[in-house]
Amino acid sequence: MSAARFPWDEAMTLGLGRLRLAPEIFWRLTLPELAAATRALDGQGAQAPMARGELEGLMRRFPD
């Protein structure tokens with residue numbers, strides 16, 4: 001049985017195409033970093049928008 005190969009074509013399409021990373025940055029990424037970027041791009045693990053009360057509290061604390 002042969003080991004599955006890493007999908008470099010898909011990874012490069014994601015990193016260089018969709019994320020628009022420069023090649024030198026793409027090639028320095030670790031696989032966990034690339035996976036995190038993929039999740040962020042697809043909206044997985046995204047936080048819910050801030051509630052109105054939270055925003056108002058921040059505005060009172062930081063009135064600039």
Side-chain angles (χ1 to χ4, degrees):
M1 176 170 76
S2 66
R5 296 182 55 132
F6 186 79
W8 284 111
D9 287 343
E10 290 88 352
M12 289 188 297
T13 298
L14 172 73
L16 302 171
R18 290 187 66 199
L19 294 173
R20 297 181 180 169
L21 297 172
E24 59 272 9
I25 293 172
F26 171 78
W27 289 112
R28 285 188 212 148
L29 288 175
T30 63
L31 291 178
E33 290 170 334
L34 183 59
T38 302
R39 287 190 305 274
L41 187 64
D42 292 338
Q44 297 173 6
Q47 292 181 330
M50 185 180 298
R52 181 73 172 178
E54 292 173 293
L55 175 61
E56 289 170 350
L58 283 173
M59 290 169 64
R60 279 191 300 277
R61 286 178 54 206
F62 305 101
D64 60 337

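On a predicted model such as this, the values are computed, not experimentally measured, just so you know.
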Atom pair CG (Leu34) and CG (Leu14), whose distance is rounded to the nearest 0.5 Å: 5.5 Å
Contacts of Phe62 that satisfy ring pair (Phe, Tyr, Trp, His ring centres under 6.0 Å) - sequence neighbours left out: none
If you look only at distance, which donor and acceptor atoms sit under 3.5 Å apart when one is on a side chain in residues 19-30 and the other is two or more places apart or in another chain?
from: Thr30; atom 1: OG1; to: Glu33; atom 2: N; distance (Å): 3.2
from: Thr30; atom 1: OG1; to: Glu33; atom 2: OE1; distance (Å): 3.3

Heavy-atom pair with the smallest gap, counting every atom of Ala51 and Glu54: N-OE1, 2.8 Å
CD on Glu56 to CE on Met50, rounded to 0.5 Å: 11.5 Å
Side-chain touch Thr13/Arg18, heavy atoms, less than 4.5 angstrom: no
